[in-house]
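In what follows, a structure is listed as structure tokens, so that the remarks can point back to it.
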Amino acid sequence: MTNEVQKNSTPQTKTKLWLDVLIFVAFLVTMDPHSSGIAIHEWLSLAMIATLTIHLLLSWDWIVEISKRFLGKVGGQNRINYIVNWLLFIDGTMIMISGTMISEVVLPVMGIQFPADFAWRRLHDMSANIGLLLLGIHTALHWSWIVIAFNKYLIRPVVRWIPARQKEDASI
Ligand code: HEM
Ligand code: HEM
């Protein structure tokens with residue numbers, strides 16, 4: 001039986017899956033700065049720039065391909081993905097810039113501090129909330145990929161591992 005991930009499975013699929021899980025969890029932690037503490041909030045979200053860059057590089061061929069064909073022949077789902085991805089990119093840039101402008105830890109460590117500005121704070125809050133919404137849409141659009149990849153790389157290996165362990169234990 002073939003499915004979406006098996007058909008398109010490359011050595012990168014597993015890397016993509018774990019990287020996506022990592023950035024998803026990191027994003028949820030950054031959405032609640034009062035629980036994590038502001039230092040973790042700022043350093044973790046800046047570290048996310050690196051993981052998001054890898055996320056984009058792993059899909060670089062897709063980005064180049066759809067960019068070339070966007071005004072011509074592109075399937076409906078790819079077109080929607082492309083637009084949502086751009087919105088995510090623009091909103092993510094706004095989150096990072098506004099966050100840097102109100103930074104209470106990272107910038108002071110570097111000896112820089114901007115005067116408190118309510119507008120940057122509002123923009124930061126607003127772009128973070130829009131980011132959560134866009135991430136929900138991005139996740140929904142890739143839902144079948146997520147389910148199939150989880151099944152292939154997490155659930156099935158665990159299900160195979162349990163009876164193997166039971167057999168080993170019984171033979172002792
Ligand atoms: C916040 C965390 C994010 C999560 C959890 C996430 C998750 C995913 C998943 C599950 C996929 C499908 C599998 C894959 O190719 O990796 C994907 C694809 C993709 N994502 Fe993300 N993503 C995130 C943020 C972003 C952002 C901010 C951008 C744009 C700047 C982006 C751009 C893309 C692109 C270009 C693709 C491949 C093309 C596509 O099918 O849409 N992602 N993402
Ligand atoms: C993925 C990236 C980020 C997300 C999702 C995010 C999200 C948020 C959210 C939801 C708040 C709470 C707003 C409120 O309570 O009104 C907040 C506050 C804040 N964020 Fe971010 N943020 C991100 C990146 C950054 C960065 C890069 C910096 C600085 C380097 C930063 C600095 C701050 C500061 C100083 C606050 C105010 C905390 C307080 O209440 O004292 N954020 N952020």
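Note that the structure is a prediction, hence the values are computed from the model and not measured. Indexing begins at 1, ligand by ligand and atom by atom, following the structure's order. Reckoned from all heavy atoms, side chains included, excluding hydrogens, waters and symmetry mates.
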Which of the ligand 1 atoms, numbered from 1, are nearer than 4.0 Å to a heavy atom of [X]:
X      : value
Phe89  : 30 (C)
Lys16  : 14 (C), 15 (O), 16 (O)
Asn81  : 40 (O), 41 (O)
Ile146 : 10 (C)

Using heavy-atom distances, let me know which of Leu107, Ile38, Leu132, Leu52 sits nearest atom 36 (C) of ligand 2.
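Checking each option, the heavy atom nearest atom 36 (C) of ligand 2 is found in Ile38.
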Could you check which of Asp20, Thr15, Val84, Leu141 puts a non-hydrogen atom nearest to atom 9 (C) of ligand 1?
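Checking each option, the heavy atom nearest atom 9 (C) of ligand 1 is found in Asp20.
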Tell me the protein heavy atom at minimum distance from [atom], and give that distance in Å.
atom                    : value
atom 6 (C) of ligand 1  : His138 CD2, 3.4 Å
atom 19 (C) of ligand 1 : His55 NE2, 3.5 Å
atom 27 (C) of ligand 2 : Ser45 OG, 3.5 Å
atom 40 (O) of ligand 2 : Arg121 NH2, 2.8 Å
atom 32 (C) of ligand 1 : Leu56 CD2, 3.6 Å
atom 37 (C) of ligand 1 : Ser59 OG, 3.2 Å
atom 13 (C) of ligand 2 : Asp125 OD1, 3.5 Å
atom 39 (C) of ligand 1 : His142 NE2, 3.1 Å
atom 1 (C) of ligand 1  : Leu135 CD1, 3.5 Å
atom 35 (C) of ligand 1 : Asn85 ND2, 3.3 Å
atom 12 (C) of ligand 2 : Pro33 CG, 3.7 Å
atom 30 (C) of ligand 2 : Glu42 OE1, 3.7 Å
atom 29 (C) of ligand 2 : Gly99 O, 3.1 Å
atom 26 (C) of ligand 1 : Leu88 CD1, 3.8 Å

Check the surroundings of atom CZ in Phe70: do more than 12 heavy atoms from other residues, nucleotides or ligands lie under 6.0 Å from it?
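Yes.
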Asp169, CG: over 12 other non-hydrogen atoms inside 6.0 angstrom:
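Counting other residues, nucleotides and ligands, CG of Asp169 exceeds 12 neighbours.
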Taking the side chain as every heavy atom from C-beta outward, state whether [X] and [Y] have any pair of such atoms under 4.5 Å apart.
X      : Y      : answer
Met31  : Asn129 : yes
Leu107 : Glu42  : no
Trp86  : Asp91  : no
Phe114 : Ile102 : no

What about Glu104: any of its N or O atoms under 3.5 Å from an N or O on ligand 2?
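Glu104 vs ligand 2: N/O contact under 3.5 Å present.
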Contact check: Ser103 vs ligand 2, nitrogen or oxygen atoms, below 3.5 angstrom
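By distance alone, the answer is no.
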In His41, which N, O or S atom comes closest to atom 21 (Fe) of ligand 2?
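The His41 atom nearest to atom 21 (Fe) of ligand 2, restricting to N, O or S, is NE2.
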Closest approach to atom 21 (Fe) of ligand 2 by His124, given as the N, O or S atom name:
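In His124, the heteroatom (N, O or S) nearest atom 21 (Fe) of ligand 2 is NE2.
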Which one holds for His34 and ligand 2: side chain close, backbone close, both close, or neither close, with close meaning a heavy atom under 4.0 Å?
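Answer for His34: side chain.
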Supply the atom-to-atom distance His55 NE2 to Ile23 CD1, rounded to the nearest 0.5 angstrom.
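One gets 4.5 Å once the value is rounded to the nearest 0.5 Å.
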Can you list the steps and then say if Thr13 with Tyr153 is a side-chain hydrogen bond (donor to acceptor under 3.5 Å, both in side chains)?
CA-CA 9 Å; Thr13 309; Tyr153 292 110; 4.7 Å; no
Please lay out, stage by stage, how Ser45 and Phe27 fare under the test side-chain contact (heavy atoms from CB on, under 4.5 Å).
CA-CA 8 Å; Ser45 37; Phe27 189 86; over 6 Å; no
N or O pair under 3.5 Å between Trp62 and ligand 1
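It does not: no N or O of Trp62 is found under 3.5 Å from an N or O of ligand 1.
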Is Gly131 in contact with ligand 2, taking contact as a heavy-atom separation below 4.0 Å?
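No.
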